[in-house]
Amino acid sequence: MDAMTGLRTRISVLGTGRLFAAAGQRLADHEAAYGPRKQGWGRKALLAELEASGLVGRGGAGFPAWRKLSAVTARGALARGPVVVANGSEGEPLSRKDAALLQNAPHLVIDGLLTAGEAVGASALFLYAPRESLSAVRRAAAERKDARRIKFVEAPHAFVAGEASAVINALETGVALPRDTIARLGEHGYRGLPTLLHNVETLAHLALIGRYGADWFREAGTREDPGTRLVTLSGDEVPEDAVIEVAGGATLREILRADGVDPAGLAAVLVGGFHGAWVPRDAFDRPMTAAGLARFGARPGAGIIMTLARGSCALAAAAPIARYLADSSAQQCGPCMFGLPAMASAVERIVAGERTPWLASEAERLAGLVAGRGACRHPDGAAGFVRSTLAVFRQDVLAHLDGWCAAAPGSAS
Ligand SMILES: Cc1cc2nc3c(=O)[nH]c(=O)nc-3n(C[C@H](O)[C@H](O)[C@H](O)COP(=O)(O)O)c2cc1C
Ligand code: SF4
């Protein structure tokens, strides 16, 4: 049991136990498990290794790691002294994997940051994370000379604090609010310098690829989804919330069973967190990959699964999430600031049993209005979640609008 997150940090029976292989948090445990960090990485060599590995970001968008590395080293960017940032802020309430990683395998994240930094000739290295996790990594860094140049910055506990432009803003000004993201970080990031920003789990995988190579990375997972990923599992019928390392391409059913959850007791799972989408039980045999879940508009995101039990009201579960997302707006862009609360209200009114037939289409209309209209992608994520709720639980929506709830059959009004 992880004392700080209160979560078990388990190595899944599906996975290869890659990220939590060290017996403890000390450098000696880390090197006993993984050997010393391979040094001397140049830009081209790491780029080739990352491209061959197929590693994609584990922070949400799933962007290929080699492309990001290529951006900060292209068109003279290298000469401008790129900056590398490890993003461990984990503002998503359903995610615990970054905290689990930083608190149990801090040296792996440090290795990834140093390896990426070495390859791009970084002028600065940052590790950005909430206080609890930061103190664990700081302790680990104090054990090693090569980590002295890493600057540690505390991330506030807020949903949007881990969004890329909010991270850069926090590093520059101490204010973790998103800002206009027209400029690409790879060209113009921290203080105008080319910036490579990765989720801490992505960097931990990068550290292992740096040690053992792309072929080794691909020994786990599938061709389309190589390697392993961390998944945070929580919700109905979950005996204990857990962070599990699973092989790429594992199906939702396999992941649920790995944590002792009986899929037969579930109606659906929310995949990808509050910005994610619902996947109904008849699709549990699909792999937890972007392609496998495309039909539902879901993707692994930061590796999150929240379960919903059969017989429970999906809309009652969805409404507080829609409200939370509205409350998480950084209040900087009109459509986000006004559209998200209105969208959440429409969902809440449906749940409350208001028999106004157009409420569902109103929620849908608002989702269409806010998507793509913010400086960051928060409104897009919130709109996606509400659209998914309306689509996957259409029968429940119609039932509510008709004055009854399938989860409470006696509720007809
Ligand atoms: C509202 C919002 C919140 C986000 N929060 C996080 C976060 O807490 N941690 C994180 O790593 N990425 C977060 N992201 C994604 C980052 O913007 C960025 O894509 C990611 O850190 C890049 O890392 P990767 O390439 O390793 O996935 C968030 C994005 C959005 C739109
Ligand atoms: S879209 Fe919303 S969360 Fe993003 S910057 Fe604008 S107000 Fe803030």
Side-chain angles (χ1 to χ4, degrees), residues 37-51 53 55-61 63-90 98 101-102 105-129 133-134 137-138 140-141 144-155 161-172 176 181 183-211:
R37 182 174 77 85
K38 185 179 157 192
Q39 301 196 28
W41 278 103
R43 166 195 168 259
K44 278 193 180 156
L46 188 62
L47 205 55
E49 211 60 48
L50 284 181
E51 186 170 3
S53 75
L55 173 66
V56 300
R58 303 295 199 238
F63 200 70
W66 75 271
R67 282 189 191 274
K68 282 178 112 166
L69 188 72
S70 162
V72 293
T73 54
R75 288 192 297 277
L78 213 52
R80 291 164 57 214
V83 172
V84 185
V85 182
N87 185 1
S89 68
E90 201 166 39
D98 292 340
L101 189 62
L102 288 168
H107 288 289
L108 217 42
V109 178
I110 293 174
D111 282 351
L113 186 54
L114 293 176
T115 300
E118 194 173 74
V120 305
S123 59
L125 302 176
F126 289 98
L127 199 148
Y128 174 75
S133 303
L134 211 52
V137 202
R138 271 202 168 112
R144 42 199 290 187
K145 283 188 188 148
D146 58 356
R148 280 189 190 152
R149 57 187 295 235
I150 299 174
K151 294 176 191 136
F152 297 94
V153 178
E154 186 177 327
E163 189 275 333
S165 69
V167 177
I168 300 303
N169 208 355
L171 302 183
E172 287 180 359
T181 48
R184 289 171 184 272
L185 291 190
E187 291 160 18
H188 193 89
Y190 175 76
R191 296 208 170 136
L193 297 170
T195 300
L196 178 66
L197 179 134
H198 271 308
N199 173 260
V200 287
E201 185 194 337
T202 314
L203 287 170
H205 289 295
L206 186 150
L208 293 177
I209 293 166
R211 268 185 174 79

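We number each residue from 1, following the sequence as shown.
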N/O donor-acceptor pair under 3.5 Å between [X] side chain and [Y] backbone:
X	Y	answer
Arg43	Leu69	no
Thr195	Leu193	yes
Arg191	Gly189	no

Heavy-atom pair of closest approach, residues [X] and [Y]:
X	Y	answer
Ala122	Leu125	CB-CD2, 3.7 Å
Ala161	Ala166	O-CB, 3.9 Å
Leu47	Trp66	CD1-O, 3.3 Å
Ser123	Gly81	OG-O, 2.7 Å
Pro194	Gly186	CB-O, 3.1 Å
Gly117	Val84	CA-CG2, 3.9 Å

Exercise for the section: State, yes or no, whether a side-chain contact exists between Asp98 and Glu201 at a heavy-atom distance under 4.5 Å. Expected result: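 The answer is yes; the side chains approach within 4.5 Å.
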Handout entry: Side-chain touch Val109/Val137, heavy atoms, less than 4.5 angstrom
Key =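 Contact flag for Val109/Val137 side chains = no.
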Handout entry: Residue pairs involving residues 108-125 (criterion salt bridge (Lys or Arg N to Asp or Glu O under 4.0 Å); sequence neighbours excluded)
Key =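 Qualifying pairs: Arg37-Glu118, Asp111-Arg144, Asp111-Arg211.
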Atom [atom1] of [X] and atom [atom2] of [Y]: how far apart are they, to the nearest 0.5 Å?
X	Y	atom1	atom2	answer
Leu206	Arg58	CG	CZ	11.5 Å
Trp41	Leu114	CH2	CG	14.5 Å
Leu127	Lys151	CG	NZ	13.0 Å
Phe63	Thr202	CZ	OG1	12.5 Å
Asn199	His205	CG	NE2	9.0 Å
His107	Leu102	NE2	CG	12.0 Å

Practice task
Sequence neighbours left out, what passes ring pair (Phe, Tyr, Trp, His ring centres under 6.0 Å) with Tyr128? Give chain and number order.
Solution key: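 Ring pair (Phe, Tyr, Trp, His ring centres under 6.0 Å) list for Tyr128, sorted by chain: empty.
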